[in-house]
Structures are given as C-alpha cells and as structure tokens.
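As structure tokens, the structure follows; a few thoughts come after it.
Naming convention: chains lettered A, B, ... in sequence-line order (proteins, then strands); numbering from 1 in each chain. Note that the structure is predicted; figures quoted are calculated from it, not measured.
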Amino acid sequence: MEAKYEFEKKYREQILKCSRCGFCQAVCPVYGATLRPALNARGKMLLLKEVMDGKIELNDELTETLFQCTTCASCFENCPSGVDVPEIIKEARKDMVKAGSCHPAFAGMNEVLKKHTNIYAEDEPEDFERERNKQAEYVYFIGCVGSYREDESTMATLDLLDRLKVDYTLIDEVCCSGVLEDVGYEINENLAMKNIDLILKTGAKTVITGCPYCSRTFNNKPQYARLKEKGIKIIHITQFLQDFDFNVKTDKRVTYHDPCDLGRHCGIYEEPRNTIRKIAPNFVEMPDNRENALCCGAGGGVRGGYAKNSIAMARRRLEQAEEVGAEIVLTECNSCVHNLANAKLRKQKFKIYNTTQFINELMEETE
Amino acid sequence: MEIEGYNMPDELYYEENHFWVKEEGDLLIIGMDDFAQVMAGEIVYVQLPDDGKKLKLGKKFAKIESGKWLGKVYAPVNGELATVNEELETNPGLINDDCYGKGWMYKIRPDDKGEIENLMRGKEAVEKWLLAEIEKYAEE
C-alpha cells in the first residue's frame, strides 16, 4: 500500500524502529512538565504508527500532541534505536498543515510573515541607536526575539561589540523564517531573499548571529545557500567571542544553560564555556548539561502555542540552577533568556543573562 | 458601566494604556482593564518587580505578555512599588478571569496621591476615550 503522507515515505523505517523503551520519556521536557505519555516521543511515534496503519487520521485531534514538541532533540540524543524524532515530527506537521490541521498560533504566524517582517507583527523596529546597512567586516544579525522581546540584551551585545572595536553593521533585517519549517510550513522565500541581498550589499564576509536558530537556518537551509556560494561565513556570537580576552572577572557563582539550537543541534558546547571560564572562576555546571541539558521549553513553536507548559518547562530548568546555588545563569539564546526570565520566581534571586550582556555589564562596572 | 460590551467600573480611574487605578488607604492599586485583557487574550506572564522599586510617572516599570502580545506597564503616578500580586506569578490568567478583583497587579505608594486626579474618571470621559480606542483597534 502506498504511503499516504510524506512523513511515512521518509521516515517509516525509523518510526518502526522505536522499541517503546521509554528512554525518551525520562528526558522529554514536555513530558516532564505535563506527565502525559502521549506527549513524549514514544507516544508520538506510537500515534504516527497508528496513522501509518490506517487506524487513525492526521487531523485536529492530533494537533495538541504533534505540535507540542520543542524539537529539543533530547529524545534523539538518548534513543538507543537512533530515531530522529524532531525531523519526523517536523515532517508530520507539514503533512498535517497540508491536510488542513494546524495549531492556530502557527497558521497565524505563517500569515503574519506574509505581511510583516517579524513573527510578532511589530511594525516599529527598535533602531538600537546605530546606523544600518553600512559597509563593514561583519554583519550582526539580531533575530526576532532579540529585536522585539530581549532588546535590552541586544543593546548590551552591541555595546560589547563596540567596546571590542568590532567593525560590524546591522541591516534592515527581516525574520529568517526558519521557524516556519518547524511548525508545518516552508521558509518564506521573499524574506530569505531580502536578508541575503542586504547582507551581500554590506560587503561583509562573516555574519554573526545573536540567535542560534537564525545561525542554523542560514547555514543549513537551501533558501540561504547563496550566502555560502558567495563565500559568506555564518557564526553564532559565542563562536566569535571565544577568541577575545575581556580582562574582567566576577566572583559570583555562575552556571550555563545550553540552548538546544546551539548544543544538541550544532554541537557547540565548549565555546561558551571557554568564554565563561575566563570571566567566572566560580563556574558550576547544572546536573543536566551539554548534550543532556534540559530544554527551556521555548523551541519548536511551543512558547507561542502552549505558553503555560513552556514556562512550566523553564521552571524545571531553573530548579537546577537553584540546586547548584547559582547567582548568575548565563545562556546564548534570546528565546532561552526570555522564557527563563519569564519563568523565574520572585524568591529565586539569581539573574539570567545572555553571556554578552553579562560581560558588557562587568566591563561597564570597571570603567 | 458597560461600554460596547466592556465592563468599565465607574468608580475607577483609568490611564491611557488601559490600566485602572483605585485608592486603598495610602496606597493605589493598579490592574489591567477589561478592554485590554480581551484584546490581549490569555495572559501568560506578568513581570513582578521587587518591592520598593522607584516609579516615575509615565515611565515603564514592568512587562506583561500574552501569547501574541507584549505590553508595557507605565507608572500612573510618581512613587514606589509597595507590593505586587504574587498569585500572578503562577496564575497570570487571573487577569483574564477577574481583572478588577483577584487579577489586580500592583500596589503603589504614591509620592503625591493628588496626581491620581490627572487620570480619566467618570462616565463621560471614559466612554469617549474607550469608544475611540475601540475604533482605533478595529482599524488595525
């Protein structure tokens, strides 16, 4: 019988490899926050098997399950059978959208990006008090969350780049639209072309992104291949900063939260730690770190579609920061900063920063 | 009073970003009005700054967020934050459920309580303002 859906054509063998062992359940942030087995990877693979067997349809009844995954890849990391659950989920979401079933938040996001330049439909971008679209060695690409939700952190990052005398420019950037691929749609080609054209006009040879997801999108998606063809290198700010000496130190107890998009999805674990160790001798790891880091709950569209559960996941992560007695929680992703900061309880006295913002603050204090 | 289906109690003061203000002894209580909570949809986060934070009239002192919207809360008077509704930390949806009661947000100790008189109050003023707001947001 011919497969009805794309996810089956591409991933049938993988789905059948799921041995239902439940290793994924132990590490799934959605399960951890909700304790609902249908929401972990095993539950999702079982449901997709039922779809492949023709017992159930991909329809609205599966929206809550299949669209409630942060695509953090903890399950994939821990799966003895090597089932690439995030990729399977993303493909199944595309099938669902084709079949007319989608979480309204994501259908809305796709529509927003047809009319607006960012996922929040904000029409007045922060100018960050800097000239844009200049000729420069580097382009600094902020990303939607850094532009419209964590603008103070972005301002601090730009101040840090200025302190380090980096020759960079901002551009009139638009959403990279990579997130659409996660929630059942395709990258918006118009937005991609606009970003590419603006980057090329600056003459920059390297794009530094503030957002790990933008970095992944530019590096891996065919719609952005023109950047690589033109010899443009794309790096995340944590990769850029590791070669600098900042000549500042803190005696505070500092921990680091690995963003899934930087860690499990790109294998970047040591660069941020190299930088943090230079400035924070009193560095301490949380119990789950590097490839085992607990997701903050913001990814895969979950913050937009299931905000309460998303914040509940971030609270679980912050319990670990509390457990190790951290005074400062650093990370390298504006979505993580945003969700963790939203989740922080008043009784939790630690502070949450992007590493750049924290370093900038230390440098500011010594001036 | 009810204006186009929105509940806007007569006895409250309103500031232009849709936060209501009420006197309580030496303090002022602030919350979000019915129009704003309907427009915002389900509130998922309310920033609850530390007690004692200095507030400057018209300046942002907190953020509030629904799934689709990020709002800023501006100080309606000069003063300092006396206390916050800690229930909102784990249950921000109280704003949607009961914006004038259990969903109150902050209590402020004003430098000069008289500044409250610069806010809108009374059927005529509130109705004129809200109808214009309804029209403005309908256009958007």
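- Residue B:Asp26 qualifies as open at atom CG: its count of foreign heavy atoms under 6.0 Å is 12 or below.
- Interface with chain A: from residues 37-50 of chain B, residues B:Glu42, B:Val44, B:Tyr45, B:Leu48, B:Pro49, B:Asp50 qualify, criterion being any non-hydrogen pair under 4.5 Å.
- In terms of heavy-atom proximity, A:Arg303 sits nearest to B:Glu65 at NH2-OE2, 3.0 Å.
- B:Glu16 CD: 12 or fewer foreign heavy atoms inside a 6.0 Å radius.
- Rounded to the nearest 0.5 angstrom, A:Tyr148 OH and B:Leu70 CG are separated by 12.5 Å.
- In this structure, the portion of A:Ala341 lying under 4.5 Å from any heavy atom of chain B is its backbone and not its side chain.
- For a heavy-atom cut-off of 4.5 Å, chain A lies close to B:Val84, B:Glu86, B:Glu89, B:Thr90 in residues 80-93 of chain B.
- Shown here is A:Glu364, whose CD atom has more than 12 heavy atoms of other residues, nucleotides or ligands within 6.0 Å.
- More than 12 non-hydrogen atoms from other residues, nucleotides or ligands lie less than 6.0 angstrom from CZ of A:Arg346.
- For chain B, the nearby part of A:Ile311 is the side chain; its heavy atoms alone come within less than 4.5 Å.
- Proximity to chain B among residues 170-178 of chain A is not found for any residue, judged by heavy-atom separations below 4.5 angstrom.
- Proximity to chain A at a heavy-atom threshold of 4.5 Å picks out nothing from residues 108-126 of chain B.
- Looking at B:Lys63 and A:Asn342, their side chains never come closer than 4.5 Å, going by heavy atoms from C-beta outward.
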